[in-house]
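This structure is a prediction, so every number in the text was calculated from the model and none was measured. Naming convention: chains lettered A, B, ... in sequence-line order (proteins, then strands); numbering from 1 in each chain.
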Number of protein chains: 2
Amino acid sequence: MRPVVVIGVGMHRFGKFLDTSLKELVRVAVWNAINDAGIDPRSIEAAYVGSSMVGLMTGQEAVRGQVVLRYAGFGGIPITNVENACASSSTAFRDAFIAVGAGVHDVVLAVGMEKLYANDLAKSLQALGSASDVEGEGGLGLQFSAVYAMLLRRMMAEHDWTVEDFARVVVKNSYNGSLNPYAQFQKPLPLEKVLSGPVVADPLTLYMVSPLGDGAAAAIICAEEWARRQGCAGLVRVRASAMRSGSWRPYDYQGPTTSALTAQEAYRQAGVGPEDIDVAEVHDAMAPAELKCYEDLGFCAPGESAQLIRKGKTNLDGAIPVNTSGGLAARGHPVGATGLGQIAEIVWQLRGQAGQRQVRRKGGDWPRLGLAHNEGGFVDGDVGISVIHILERVG
Amino acid sequence: MRPVVVIGVGMHRFGKFLDTSLKELVRVAVWNAINDAGIDPRSIEAAYVGSSMVGLMTGQEAVRGQVVLRYAGFGGIPITNVENACASSSTAFRDAFIAVGAGVHDVVLAVGMEKLYANDLAKSLQALGSASDVEGEGGLGLQFSAVYAMLLRRMMAEHDWTVEDFARVVVKNSYNGSLNPYAQFQKPLPLEKVLSGPVVADPLTLYMVSPLGDGAAAAIICAEEWARRQGCAGLVRVRASAMRSGSWRPYDYQGPTTSALTAQEAYRQAGVGPEDIDVAEVHDAMAPAELKCYEDLGFCAPGESAQLIRKGKTNLDGAIPVNTSGGLAARGHPVGATGLGQIAEIVWQLRGQAGQRQVRRKGGDWPRLGLAHNEGGFVDGDVGISVIHILERVG
């Protein structure tokens, strides 16, 4: 495959936008990405549109991408709708990357979108439940917070994790979110408040759980040679795109997780190791999951993740800042938009455009290598899909 | 891109299978394809799963592919869910083609699936309606038969098409379907019966309209070099994969249609013309649409499509046999499975495995070049997406 770069990213703020249509959310994100790239929109040759629960939430089950992109001004190009639960738009990004890398297209638009708020909470929860086997977990009415809570209880028995550690993740991420104008929640939460929040599913309190959300995010992906010919600035190269569905994990949960295996593949593709990553967005659908991500992604040795959060090593000024955007709990988690929200944050960080939450390497440089980790669904006791991208600033 | 071939195809018969789960439909189609390819299933490195209305019909909105493929025995590979209305699985086939062509994977599984029959007809019709803008046509409660009927009335005013011509398409395709063990309807319909059928939306009678359907279809796609190394037989190369969404067509419906533009692109990619095509599957969601396809695909000059059907030129023994499978009305149209059903038929025809409906070229040879044309959805007065593949027998 030929070198592929991201030349533009854009978002509509994540949050509760009952009065804003999905079409309008997407229009804002797409045109922000186009303006960021500074290209003629007629250069865009194809689009991959990721979303997950739009059918159940809005009734627009089919041709969702065609309908929203028509409103945004696009027609006559190949448009493909992609679904992979919470990893829908990192999957769309991956498809765009492959199509450009293969030489099928020079410039491709990747979109993520979701509208989860409804006039009826049951509708939203039922839609979210469809990200597991509806004949299995989904059919039991188990919300994801309950699934996570059960896994966490098991992990707490094997790790030195405490509920305070979980709360520390929220303290860090809510602070980061307070510096992010696109975040759903922009208020730092003190440790005591997180710990004393209403219990959703023990040990999870309200503030540890990602909220419902509406939102959209977009990226413009193109051949590096095309971008250089056009004189685009701030190029970010896609160094790795790894994806893996869950497999039959032994019920003792020993051995590498699906995300750990996906990370190994991503590092292999990029020819780098976890020690080379300068900034990361990870899938903390429930805050404590961030601790597991530290180990899966190799940011610490197995069993040392609590030390990372206690010592502040994943803070904005730490050795490996994680979820600088605020993560899923603070930036928000409109399922199908989350993956590209992560990509947008990494691109901003690599370009030095992250404002007050900008990360700097030793010596003051902006980060060079960023990683985005996105997971989707829960099937037969394992994650449905794990997707990891590694991005590098190249100009 | 490197050369890509199809080495295996499989189907579950299309039809009404209220007692059969989506998982079981897919299991049958996938393992038929694997057995057809004669490969070790562990060779499969990734899967793209096309479906459209599964969320509304079964509640399994998210991670559909992961859930059904887990049941079929797959885990640990990248799985991507693809939606493009009636063209969902030709889109999945295209994605698999691009991933293999790019060198990301050597062997990829493409799946199409749908379960449209329910215990409540309204549910099925509402799901189908979601293939147009639910704030526009879909929201009006316009079924696709009504949309087609209005377009046809306009076309009848400009063409020499008669209702008898529409019925002739059904007579041909129902005969073809009667020779296809995978077809939903396997009974030839005489002209009088078609004409005297209940009127669904004038000028369409019942037999001109594709039925609700359940079904699944699958294909194994791989690098040609991999297939030759494995000694696979009956290779069918993907010569073209063209896709285009609808655009703002002038309301006088003049100028080339979206499918005509897609066909031009497909012929350009393959370096062939319509005169080189030996057999074709086209998107006759309503039988009269087949006449329009003749023109869009260049099988006749504009205005001459009625002559083609009247003279039997698209019959099994005609100059350009069309819808040898029975097409959407006879083979059936389980929306997300249709595209790969078309691909399977073309592969069987090119390999000389189409049984009693086998097409032969002058001199008795099997066809060499086949075309599959698939459309999806209806957005803002135009088709949502058009996808055309050209396949060639190469070994």
Considering only heavy atoms, which portion of [X] lies under 4.5 Å from any heavy atom of chain B: side chain, backbone, both, or neither?
| X | value |
| --- | --- |
| Val82(A) | both |
| Thr91(A) | side chain |
| Thr58(A) | backbone |

Taking side chain as everything from C-beta outward and backbone as N, CA, C, O, which of these in [X] sits under 4.5 Å from a heavy atom of chain A? Side chain, backbone, both or neither.
| X | value |
| --- | --- |
| Ser132(B) | backbone |
| Thr80(B) | both |
| Arg94(B) | side chain |
| Val54(B) | backbone |

Given 3.5 Å as the limit, does a donor-acceptor pair link the side chain of Arg64(B) with the main chain of Glu83(A), or not?
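No; zero donor-acceptor contacts below 3.5 Å.
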I need the residue from Gly377(A), Gly55(A), Ala242(A) with the largest number of non-hydrogen atom pairs under 4.5 Å to chain B.
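Winner by heavy-atom pair count: Gly55(A).
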Among the options Val68(A), Val67(A), Asp95(A), Leu261(A), pick out the one with the most heavy-atom pairs lying under 4.5 Å from chain B.
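Most pairs with chain B among the choices: Val67(A).
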Taking the side chain as every heavy atom from C-beta outward, state whether Arg70(B) and Asp382(A) have any atom pair closer than 4.5 Å.
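Sidechains of Asp382(A) and Arg70(B): in contact.
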In terms of heavy-atom pairs under 4.5 Å with chain A, which of [options] leads?
| options | result |
| --- | --- |
| Gly129(B), Ala47(B), Gly59(B) | Gly59(B) |
| Gly336(B), Ser245(B), Ala102(B) | Ser245(B) |
| Glu135(B), Gln66(B), Gln60(B) | Gln60(B) |
| Arg2(B), Glu61(B), Met1(B) | Glu61(B) |
| Ala62(B), Ser52(B), Gly136(B) | Ala62(B) |
| Val335(B), Ile385(B), Val49(B), Thr262(B) | Ile385(B) |

Nearest heavy-atom neighbours spanning Ala85(A) and Val63(B)
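Nearest heavy atoms, Ala85(A) then Val63(B): CB-CG1, 3.8 Å.
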Just wondering, are more than 12 heavy atoms of other shown residues or ligands nearer than 6.0 Å to CD in Gln126(A)?
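At most 12 heavy atoms, drawn from other residues, nucleotides or ligands, come within 6.0 Å of this atom.
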Give the intermediate values and the outcome of salt bridge (charged side-chain N to carboxylate O under 4.0 Å, His left out) for residues Lys23(B) and Asp133(A).
CA-CA 11 Å; Lys23(B) 289 173 176 170; Asp133(A) 188 340; 2.9 Å; yes
